[in-house]
2 protein chains.
Amino acid sequence: MSFGRHIREARERLNAEDRAFSLRQVALRVGIEPAYLSKIERDVFQPPSEDVIVKLAAELKEDEDILLAMAGKLSTELQNVILQRPKLFGELLRQLKSAPDHAILRIAREIRDGDW
Amino acid sequence: MSFGRHIREARERLNAEDRAFSLRQVALRVGIEPAYLSKIERDVFQPPSEDVIVKLAAELKEDEDILLAMAGKLSTELQNVILQRPKLFGELLRQLKSAPDHAILRIAREIRDGDW
DNA sequence: TAGAGTGTGTAGTACTTAATACACATCATG
DNA sequence: CATGATGTGTATTAAGTACTACACACTCTA
């Protein structure tokens with residue numbers, strides 16, 4: 001699904017319960033023009049900047065990483081993690097490119113449990 | 001070290017052995033204006049686009065990922081790996097953010113040896 | 001010592017990104 | 001039925017990105 005359609009659906013779900021989630025009010029809280037949000041939601045414009053996406057995610061209770069990914073963007077936070085050690089993470093990511101989800105999850109869990 | 005200085009030093013090392021690595025000739029082979037490369041090497045201009053950096057890396061026998069990182073860029077190839085599964089890789093990268101190098105290397109090796 | 005090759009200065013430009021401003025028609029509600 | 005709120009169309013723009021074009025001065029060497 002497109003970024004815009006996803007946002008619109010998320011907002012409309014919230015708006016059904018709470019009138020504070022009209023396009024105009026959300027735009028106001030996020031700090032952008034209503035007309036701009038309108039075009040984003042209809043995919044007339046490209047997805048907005050990282051900043052705006054992050055605010056939208058918070059406002060609409062959506063996952064930031066996923067929203068950014070739908071916009072074809074990677075958070076500068078995660079980019080910087082890699083850019084600190086490009087060789088190391090480059091290798092790792094290429095290894096993991098075609099690994100099954102469960103393998104990646106397992107690794108994340110192992111590391112969280114700190115067994116190295 | 002800055003991107004520009006690094007490029008200049010790499011090129012000058014090669015140029016000492018082989019006159020085919022003058023600024024002009026490298027620029028020609030990479031497909032950019034010599035004046036442009038001159039400014040890049042002196043950090044008068046920002047680092048060039050991903051495309052140009054990749055060609056420079058090949059030309060100067062430098063590591064692409066590292067050169068891109070020095071330019072503050074992450075290859076679209078690696079970005080896409082993450083964007084395919086943003087939630088999964090997001091979690092993993094945040095776990096690995098402060099992991100020691102050897103731990104990351106170990107994981108990469110384990111995966112290469114396919115033990116899942 | 002002429003000519004080829006070298007690096008660099010000044011100036012300008014095409015394209016993309018990320019939006020704003022304002023008017024307009026429709027809807028709903030008190 | 002007037003008023004406030006809603007979503008949208010048209011037009012425009014400020015700033016950044018990624019360069020090119022061309023002229024110039026210097027150096028090396030055949």
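A quick note: this is a predicted structure, and the numbers were derived from the prediction, not measured. We use all heavy atoms of the structure for the numbers below, so side chains are in, but hydrogens, waters and symmetry mates are not.
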message = According to side chain to side chain contact (heavy atoms under 4.5 Å, CB included), who are the partners of A:Val52, at least two apart in sequence or on a separate chain?
response = A:Val30, A:Ile32, A:Pro48, A:Ser49, A:Leu56

query = With sequence neighbours left out, what residues match B:Leu105 under side chain to side chain contact (heavy atoms under 4.5 Å, CB included)?
reply = A:Leu88, B:Arg109

task = Could you tell me, to 10°, how much the axis swings from one end of the helix from C:dT1-D:dA30 to C:dG30-D:dC1 to the other, five pairs per end?
result = 0°

task = Could you tell me which residues satisfy salt bridge (charged side-chain N to carboxylate O under 4.0 Å, His left out) with B:Glu91, sequence neighbours excluded, listed by chain and number?
result = none

key: Ionic contact status for A:Lys55 with A:Glu59, cut-off 4.0 Å   = no

Residues forming a side chain to side chain contact (heavy atoms under 4.5 Å, CB included) with B:Leu83, sequence neighbours excluded = A:Ala69, A:Leu74, B:Asn80

Show the distances under 3.5 angstrom between N or O atoms of the protein and N or O atoms of nucleotides 13-15 of chain D.
none

task = Identify, with sequence neighbours excluded, every residue that meets salt bridge (charged side-chain N to carboxylate O under 4.0 Å, His left out) alongside B:Asp43.
result = none

ask   = Partners of B:Tyr36 by ring pair (Phe, Tyr, Trp, His ring centres under 6.0 Å), sequence neighbours excluded?
value = B:Phe45

task = With sequence neighbours left out, write down each residue that passes salt bridge (charged side-chain N to carboxylate O under 4.0 Å, His left out) with A:Glu9, or none if nothing qualifies.
result = A:Arg5

remark   = Each nucleotide of nucleotides 16-30 of chain D classed B (base within 4.0 Å of a protein heavy atom), S (only sugar-phosphate) or -, in 5' to 3' order, makes -SSBBBB--------

message = Could you check whether any side-chain N or O of B:Asn15 sits under 3.5 Å from a backbone N or O of B:Ser22, counting only pairs where one atom can act as donor and the other as acceptor?
response = yes

message = Does the Lys NZ or Arg CZ of B:Arg8 fall within the cation-pi geometry relative to B:Phe3 - under 6.0 Å from the ring centre and within 45° of the axis?
response = no

inquiry  = Reading DNA chain C in the 5' to 3' direction, which nucleotide is the first one with an atom under 4.0 Å from a heavy atom of chain A, and which is the last?
reply    = C:dT17 to C:dC22

query = Are B:Arg94 and B:Phe89 in a cation-pi contact, defined as NZ or CZ under 6.0 Å from the six-membered ring centre and within 45° of the axis?
reply = no

ask   = Are side-chain N/O atoms of A:Thr76 and A:Glu50 paired as donor and acceptor at under 3.5 Å?
value = yes

request  = Could you pull out all residues at least two apart from A:Glu33 that satisfy salt bridge (charged side-chain N to carboxylate O under 4.0 Å, His left out)?
outcome  = none

inquiry  = Expressed as a whole number of angstroms, how long is the span from A:Arg8:CZ to D:dT6:P?
reply    = 13 Å

query = If you look at every strand shown and take non-hydrogen atoms under 4.0 Å, does A:Glu41 touch a base, only sugar-phosphate, or nothing?
reply = nothing

